[in-house]
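To keep things clear, I will list the structure first and then write my remarks on it.
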Protein chains: 2
Amino acid sequence: MSGASIKDVAALARVSMSTVSNVLNNPQRVSAESRDRVQRAIEQLGFVRNAAARQLRVGSSKLLGLALINISNPFFTDVATGVEEAAREAGYSVLLGNSASRPDGESGFLELFEKQQVDGVLIVPSGDVLDKLDGLRRRGTPAVLIDRVDDRRAFSSVSTDDLAGGRLAAKHLLSLGRRNLWFIGGLLSVRQMNDRLEGFRGMIANYPGVSLRVETGAFVDATSGLEYGRAIASLPVDQRPDAIFAANDMLALGVIQGLTATGFRVPQDVAVIGYDDIVFSAAAAIPLTSVRQPSRRMGSTAAQLLIDEIADPHNFRPRSIVYEPQLIIRASTGDPKGTTP
Amino acid sequence: MSGASIKDVAALARVSMSTVSNVLNNPQRVSAESRDRVQRAIEQLGFVRNAAARQLRVGSSKLLGLALINISNPFFTDVATGVEEAAREAGYSVLLGNSASRPDGESGFLELFEKQQVDGVLIVPSGDVLDKLDGLRRRGTPAVLIDRVDDRRAFSSVSTDDLAGGRLAAKHLLSLGRRNLWFIGGLLSVRQMNDRLEGFRGMIANYPGVSLRVETGAFVDATSGLEYGRAIASLPVDQRPDAIFAANDMLALGVIQGLTATGFRVPQDVAVIGYDDIVFSAAAAIPLTSVRQPSRRMGSTAAQLLIDEIADPHNFRPRSIVYEPQLIIRASTGDPKGTTP
DNA sequence: TTGAAAGCGCTAACAT
DNA sequence: ATGTTAGCGCTTTCAA
C-alpha cells in the first residue's frame, strides 16, 4: 500500500541505508556494483524519495512559492510561465498560489509557503503584505516582489514603471483630443493601481480644461468592467467620458463589452485603453490599445533574483529592476486598421 | 535567522513540547492557562509549524497535486479555479503543476507530487500516464482524471462527452451547408483529441459527398493555429476547406487570425468552430462558435471525488462523471449578430 | 492536565 | 567503499 523507504531499498539491495542515500546524492562515491543493485531495487520497489524527510534533514526544499492575485488573468499566467522557466533551470520547482481562491488572500499563502518550507517567495502583492514578508525573512525565507517596488528598498523587486505607464496612457488619449477622461481601477491601496492613476493624473495636469473622474472598486475583472461599461449609458450625457483608462486589460475588455452592449461605439464615442497587453487583447472584437508590460520576462528575472539571494544570502543587496512600459496602439483608441501585433 | 521550533515555544512558555503540540492539535485538552502562555509564545517567536516534520510523522500533507497541460489556456485555469474551491472547503491546499514548463512533462510532476507526499493527484492527462498513475496508487496515492475517462475504469474521472462534442460540431457545420471540412488538433494519441475527431468523423459519415481532412501536430496553441490559418492561403483553391473544427479555442482563435490576415473572410469563406468555450471566445474579433465544457464545475467535481476517495480509500469505487457538451453558436460560423453570451 | 520518549524517512559525520 | 548512528521537528502513545 504505502510507499517504500530507503530502508526497504537497502534491504533488497543488501546494502546499508547510507549507501542507498549515497547512490541518490553522491553516486560517484559508490562502487558500480552496489550502484547497480541499488538502482534495480529502486525500480523494483517503485521507490520515490520522501521529500518531507529530506527537507527536515537538509533544511531546504528546492521549492519556490509564487503567490498570484488571480490565475484567470493571462498577465499572471505569463508571469508564472517566466518564473517556472527560470526556476526549472536552477533546479527548483514552484508552488503556485492563487490568492483569489483564499478568503485570507495572499497572507494565507505566505503561511502555507512557510509551512511547506519553501526556499523563497515570489509575490505579486495586492494587499499590505510587507510586514508579513519581513517576518518571513527574519525566519530565513527571502522574498522578491513582482509588479511593484518596495519603497523601503528592503526587498528586491521586478516591476514596470507604472507612473510612466499612466502617463503614456494619458498622453495618448489627450493627443487624440479626448477631454473627459475616466480612470477605472481596483483599490488604490494597491500600489500598482495608485501609480497608474498618479501617472495618468500627473500628465493630465499639464492640460487645462481636461476633466478626470476616478472609479475604483474591489474587483478588477471582466465582469466588473462590464458593469462599469453598462452603467455609463444611464448617466446624463454631460457626465459621460469620451475616453477610459482601465487599470488592466481584463477590466478594459469588460468595459468595451458593456459599452457596445449599450449602444456606444468604441472608439468613436468612447476610446478605451487597457494595461498589461495580454495576448487576447490583440484579437479582441475591438482590438485593445494597451500599455504593455514584459510579463514573462518579469517573471523569469524575479525568479533569478530570488535564486541568487537564496544561493548567497550574506552578500545580498536588494535590487529593483524596473522595465519601461510600452504603448501598443490598436483600434480601441482609433487606430483604423487595428493591426498592430 | 531560521524559524523557531516547538521546542523553543515550549521553553518560552515553560511547558513541554507535547503541550505545545496539543495546543496546536487538541486545544480542548489543555488548560486555559497553558494555552494562553503557549499562544503568546507562538506569537512572540513568530512560530510557524514545519509541515515537513508534521507530514513525516502523520503521513498526510493535506495537499492535492493538480497537473495541467498548459496554464496559459483559460480552460485549464478555470478547471484549476474549480479544483481550488472544492479543495479549500475540505481543508486542502493545491500544488499546481504546469506540464508545459517541464521537459519531462506531466510525469515529471507526478514524481514531484509523490515526493511532496500529496494526498491525491488530479490530472488532465495528455500523454500516456496511466501506468504511472497505477504505480502511484499502489504506493498509496489516489488519482482522478479530468477531461477524459479511463477506459479500464480503474480511476475516477470527470469529463465531457467528447464524441458528442465532435458530433455537435459536425452537425452544425453540415447544417450550414459546408462540405469541405478540416479537423485541426494536437496528437491523436491524446484521448480527448481522438474522441473529438471520431465524433466529428462519425457524424460526417452520414453525409455523402463531404470531405474531411485531418491536420494534427504537436502543439495546440494560438501560435500553431495562426500558422495553420496562414498556410491555407498557399493551397490550391480546390483543396481549401470551407469549415474548420479546431480541437480547442486557443487554436481556433489563432486559426481565425491566420485566415483573416491572409484575406479570408470568416465565416463567409471559412467557418471556424472551437472547443471549450473559454471566456475570451465571446469577445473575440470574430466571436467564436464553440463546444462548451463546464470547466470550473469539472474541476470542483473532480476534487470532490478525489477528496472522498482519500477520506475512505477502502470503500472506493471508481466513478466516471461525464458532462454533456453544449454548442454555443456565434459569428465565426455565421450567426449574424454573434451576440450569444 | 501534563510530560517523557519513541519514531516517521532521510542525510551526514564518523568509524571501519 | 561501506556501515553505524544521531538527529532534523513533529505527533502520539503511555505514564504520572
Side-chain angles (χ1 to χ4, degrees), chain A residues 1-39 41-42 45-63 111 114-119 139-141, chain B residues 1-39 41-42 45-63 111 114-119 139-141:
Chain A
M1 182 73 188
S2 138
S5 75
I6 273 196
K7 204 168 168 182
D8 304 314
V9 175
L12 184 59
R14 308 179 140 278
V15 295
S16 73
M17 285 170 53
S18 32
T19 298
V20 177
S21 178
N22 275 327
V23 170
L24 262 25
N25 303 306
N26 311 87
Q28 74 290 357
R29 283 197 206 160
V30 177
S31 74
E33 203 218 354
S34 326
R35 213 185 307 150
D36 276 10
R37 286 222 306 286
V38 170
Q39 294 286 17
I42 286 177
L45 295 170
F47 166 80
V48 175
R49 246 227 221 58
N50 181 329
R54 174 169 226 274
Q55 275 171 230
L56 186 56
R57 180 63 230 229
V58 177
S60 154
S61 61
K62 282 289 178 183
L63 243 36
E111 195 166 327
E114 188 169 6
K115 282 201 285 204
Q116 293 296 336
Q117 308 260 94
V118 300
D119 293 347
R139 282 168 250 124
T141 308
Chain B
M1 183 72 186
S2 137
S5 76
I6 273 197
K7 205 168 166 182
D8 304 316
V9 175
L12 184 59
R14 310 178 138 277
V15 296
S16 73
M17 284 168 54
S18 28
T19 299
V20 176
S21 178
N22 275 327
V23 171
L24 262 25
N25 303 305
N26 310 87
Q28 75 288 0
R29 285 197 204 158
V30 177
S31 74
E33 203 219 352
S34 323
R35 214 185 308 149
D36 277 11
R37 285 222 308 284
V38 169
Q39 294 287 17
I42 286 178
L45 294 170
F47 166 80
V48 176
R49 251 228 221 51
N50 181 329
R54 173 169 227 274
Q55 277 171 229
L56 185 56
R57 179 64 227 233
V58 177
S60 152
S61 61
K62 281 291 182 182
L63 242 36
E111 195 168 326
E114 188 169 7
K115 283 201 285 203
Q116 294 296 336
Q117 308 260 92
V118 299
D119 293 347
R139 282 169 249 123
T141 309

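Heavy-atom basis, side chains included; hydrogens, waters and symmetry copies ignored. Since the structure is predicted, the reported quantities are computational estimates derived from the model, not experimental observations. Lettering of chains follows the sequences in order, A, B, ..., and the numbering in each one begins at 1.
Shortest non-hydrogen contact noted between B/V15 and B/V20 is CG2-CG2, 3.9 Å. Of all non-hydrogen atoms in B/M17 and B/K7, the two that sit nearest each other are CG-CA, 4.1 Å.
A distance-only check finds a donor-acceptor pair linking the side chain of A/D119 to the backbone of A/S61 [under 3.5 Å]. When atom types are taken as modelled, the side chain of B/R54 and the backbone of B/R49 share no donor-acceptor pair closer than 3.5 angstrom. In terms of modelled atom types and a separation under 3.5 Å, the side chain of A/N25 and the main chain of A/S21 share a donor-acceptor contact. Panel note: side chain B/D8, backbone B/S5; a donor-acceptor pair is recorded below 3.5 Å. Judged by distance alone, the side chain of B/N50 and the main-chain N or O of B/A53 form a donor-acceptor pair under 3.5 Å.
Scanning residues 18-33 of chain A for heavy-atom distances under 4.0 Å to DNA chain C yields A/S18, A/S21, A/N25. Listed in residue order, the members of residues 51-58 of chain A having a heavy atom less than 4.0 Å from DNA chain D are A/L56, A/R57.
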A/F47 and A/L12: CA distance, side-chain angles, deciding distance, side chain to side chain contact (heavy atoms under 4.5 Å, CB included) verdict: CA-CA 12 Å; A/F47 166 80; A/L12 184 59; over 6 Å; no
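The CD atom of B/Q116 sits 14 Å away from the C1' atom of C/dC10 (whole-angstrom rounding). Whole-Å rounding puts the A/M17 CE to C/dC8 P distance at 10 Å. To the nearest angstrom, P of C/dG9 lies 15 Å from CZ of B/R139.
For the pair B/Q55 and A/Q116, the minimum side-chain heavy-atom distance is below 4.5 Å. A/V38 places none of its side-chain heavy atoms less than 4.5 Å from the side chain of A/V30.
Using a 4.0 Å cutoff to heavy atoms of chain B, the contacted part of DNA chain D runs 5' to 3' from D/dG9 to D/dT12.
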